[in-house]
Amino acid sequence: WIELSCEYYKIAGHDRVASVVQAGGTRPYCEQYNTAESNFEAYETHTDNLVARGWPLEHARIIMMGGEVRSAIARALREGDACYARMTYALSDAIYLNKGVTDSDVPEPMYIHRTGQGSLTDDEPAWEDIEKPADDGTEFRGITCSSPILCSCETEAFRPGGFCERSTDVSGNTSFTLRANSDVVCIESEPDDELGSHAAVITDNDDRGIFPPNTLYTLKEVKQPGEWTAPGGIQVQQRLIVVRATYRPPRGLGVRA
């Protein structure tokens with residue numbers, strides 16, 4: 001966990017924050033203030049919500065902590081670096097094994113901003129190419145995303161200017177901040193079929209979901225600014241990129257200790 005945290009801090013630029021510098025650097029800071037135990041406490045409200053919805057506590061903790069360090073997990077997965085394989089498998093297993101824990105058969109469409117702080121391209125640069133056709137002449141448009149995707153359909157997340165980043169402080173207070181002039185990506189859930197699973201896995205409420213690492217996202221359509229309406233009836237002046245997700249059971253699911 002400490003290694004993951006250190007890499008995440010460096011990717012996010014937290015290694016330059018005054019408190020981290022004063023602690024002597026990223027590793028001393030994480031060893032003192034960002035331990036697994038401190039995260040169990042910080043995410044307790046969220047994990048309690050997940051457990052109340054039927055998630056095992058271990059899976060709930062993995063989801064919350066894995067989501068925090070997703071950029072480091074994605075970097076290792078893209079580069080074939082096995083250093084975080086244990087966490088990657090644990091996260092993928094936890095997501096897949098809880099995909100039926102939902103109050104509805106197919107969740108509502110989920111959203112996230114494509115570029116800017118806290119965006120899709122922050123964790124997976126391939127999202128820049130979601131509209132580019134494949135080089136094989138098939139006109140296929142899609143990408144495989146190495147990062148898990150945390151997404152939502154919360155009405156508070158939308159402004160006329162786009163989709164807002166969600167953040168929760170140490171006291172549990174949640175805020176939504178519009179950080180980027182960005183396209184919005186809509187991931188439409190569908191029932192499972194012979195190709196795999198296509199639905200968001202609902203997390204601590206019906207308006208929030210997650211997709212696992214190594215999910216394939218296929219472009220369905222692009223809507224222009226003002227041509228679509230977000231949850232809550234807000235007409236958003238950004239493009240909407242609509243995609244379909246496809247993921248399969250993690251390799252070795254059910255046989256790992």
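The figures that follow rest on heavy atoms only: side chains count, while hydrogens, waters and symmetry mates do not.
- Ring orientation note: the planes of F211 and Y247 are nearly perpendicular, at an angle over 60° on the 30°/60° scale.
- P125 has its side chain within reach of R78: a pair of non-hydrogen atoms, C-beta onward, lies under 4.5 Å apart.
- In this structure, CD on E188 lies 12.0 Å from OG1 on T218, to the nearest 0.5 angstrom.
- Remark: the backbone N or O of S38 is paired with a side-chain donor or acceptor of T35 at under 3.5 angstrom.
- A side-chain donor-acceptor contact under 3.5 Å links N34 and N39.
- The closest donor-acceptor contact from the side chain of R70 to the backbone of I149 lies at 3.5 Å or more, if one exists at all.
- Counting non-hydrogen atoms of other residues, nucleotides and ligands closer than 6.0 Å to CD of E79 gives a total above 12.
- Two different hydrophobic clusters hold V222 and F140 under the rule that ILVMFWY side chains link at heavy-atom gaps under 4.5 Å.
- A salt bridge is absent between D207 and R166: the closest approach of a Lys/Arg side-chain nitrogen to an acidic carboxylate oxygen does not fall below 4.0 angstrom.
- To the nearest 0.5 Å, the span separating CZ on R244 from SG on C186 amounts to 14.0 Å.
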(request) For the pair I63 and W55, evaluate side-chain contact (heavy atoms from CB on, under 4.5 Å) and give the outcome as yes or no after the intermediate values. (result) CA-CA 10 Å; I63 286 287; W55 289 60; 3.2 Å; yes
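- Between R53 and I202, the closest side-chain pair of non-hydrogen atoms falls below 4.5 Å.
- A 4.5 Å side-chain heavy-atom check between S167 and T174 finds every atom pair outside the cut-off.
- The closest donor-acceptor contact from the side chain of S182 to the backbone of T115 lies under 3.5 Å.
- Distance check: L219 CG to I130 CD1 gives 5.5 Å after rounding to the nearest 0.5 Å.
- Nearest heavy-atom pair, G54 versus N98, reported as atom, atom and distance to 0.1 Å: O-OD1, 4.4 Å.
- Considering every non-hydrogen atom in both I112 and C151, the closest pair reads CB-CB, 4.5 Å.
- Checking side-chain atoms of S92 against main-chain N and O of Y89 turns up no donor-acceptor pair under 3.5 Å.
- Using a 4.0 Å cut-off between charged side-chain N and carboxylate O, R61 and D48 make no salt bridge.
- The heavy-atom pair separating L4 from I73 by the smallest distance is CD2-CG1, 3.8 Å.
- Residues I2 and E31 form a side-chain contact, since some pair of their non-hydrogen atoms from C-beta on lies under 4.5 Å apart.
- Two residues are said to be in side-chain contact when any heavy atoms from C-beta on lie closer than 4.5 Å; N49 and N205 fail this criterion.
- Both Y96 and L50 belong to a common hydrophobic cluster when Ile, Leu, Val, Met, Phe, Trp and Tyr are linked at side-chain heavy-atom distances under 4.5 angstrom.
- Under a 3.5 Å cut-off, the side chain of E124 and the backbone N or O of S146 do form a donor-acceptor pair.
- A distance of 10.0 Å separates OH in Y217 from OG1 in T144, rounded to the nearest 0.5 Å.
- Separation of atoms OG1 (T47) and CD (E41) is listed at 11.0 Å; rounding is to 0.5 Å.
- The two residues A36 and W1 come nearest to each other via the heavy atoms N-CD1, 3.4 Å.
- Checking side-chain atoms of S197 against main-chain N and O of A199 turns up no donor-acceptor pair under 3.5 Å.
- We find that D129 and R141 are not joined by a salt bridge, their nearest charged nitrogen and carboxylate oxygen being 4.0 Å or further apart.
- In this structure, I234 belongs to a hydrophobic cluster whose other members, linked by side-chain heavy atoms under 4.5 Å apart, are Y111, F158, F163, V184, W228, V236, L240, V242.
- When each of D183, D122, D123 is paired with R114, the salt bridge (Lys or Arg N to Asp or Glu O under 4.0 Å) condition holds for D183 and for no other.
- Annotation: side chain of I241 is in contact with side chain of V243 (closest heavy-atom distance under 4.5 Å).
- Counted within 6.0 Å of CZ on F40, heavy atoms from surrounding residues, nucleotides or ligands total more than 12; the atom is thus considered enclosed.
- For the residue pair S119/H113, the side-chain donor-acceptor check at 3.5 Å is not satisfied.
- Closest of all the heavy-atom pairs between I95 and P212 is CD1-CA, 3.6 Å.
- Within a 6.0 Å radius of CG in D135, other residues, nucleotides and ligands contribute 12 heavy atoms or fewer.
- Among all heavy-atom pairs drawn from C6 and T26, the shortest one is CA-CG2, 3.5 Å.
- Ion pair R239/E131 flagged as a salt bridge, since at least one NZ, NE, NH1 or NH2 atom sits closer than 4.0 Å to an Asp/Glu carboxylate oxygen.
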(request) Before giving the answer on side-chain contact (heavy atoms from CB on, under 4.5 Å), spell out for V185 and W127 the whole-Å C-alpha distance, their side-chain angles and the decisive distance to 0.1 Å. (result) CA-CA 10 Å; V185 173; W127 278 100; 4.1 Å; yes
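- Taking the side chain as every heavy atom from C-beta outward, C83 and R75 approach each other to under 4.5 Å.
- Remark: the E7 side chain and the Y84 side chain contain an N/O donor-acceptor pair separated by less than 3.5 Å.
- The shortest side-chain heavy-atom distance between E3 and R27 falls under the 4.5 Å cut-off.
- Checked for salt-bridge contact, K220 and E190 meet the test: a charged N lies under 4.0 Å from a carboxylate O.
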(request) Could you please spell out the steps behind the side-chain contact (heavy atoms from CB on, under 4.5 Å) verdict for H14 and Y8? (result) CA-CA 8 Å; H14 297 335; Y8 159 69; 3.3 Å; yes
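- Put simply, the side chain of Q238 never gets that close to the backbone of G162: no donor and acceptor are under 3.5 Å apart.
- Separating the SG atom in C153 from the CD atom in E108 is a distance of 6.0 Å, to the nearest 0.5 Å.
- Using modelled atom types, one side-chain atom of R248 and one backbone atom of L195 make a donor-acceptor pair closer than 3.5 Å.
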(request) Take M65 and Y43 through the side-chain contact (heavy atoms from CB on, under 4.5 Å) test and state the conclusion after the steps. (result) CA-CA 8 Å; M65 295 169 67; Y43 287 120; 4.3 Å; yes
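- By the criterion of side-chain heavy atoms lying less than 4.5 angstrom apart, applied directly or through intervening Ile, Leu, Val, Met, Phe, Trp or Tyr residues, L77 is not grouped with I143; the two fall into different hydrophobic clusters.
- D192 and H198 are not linked by any side-chain donor-acceptor pair at a separation below 3.5 angstrom, with hydrogens and angles left out of the test.
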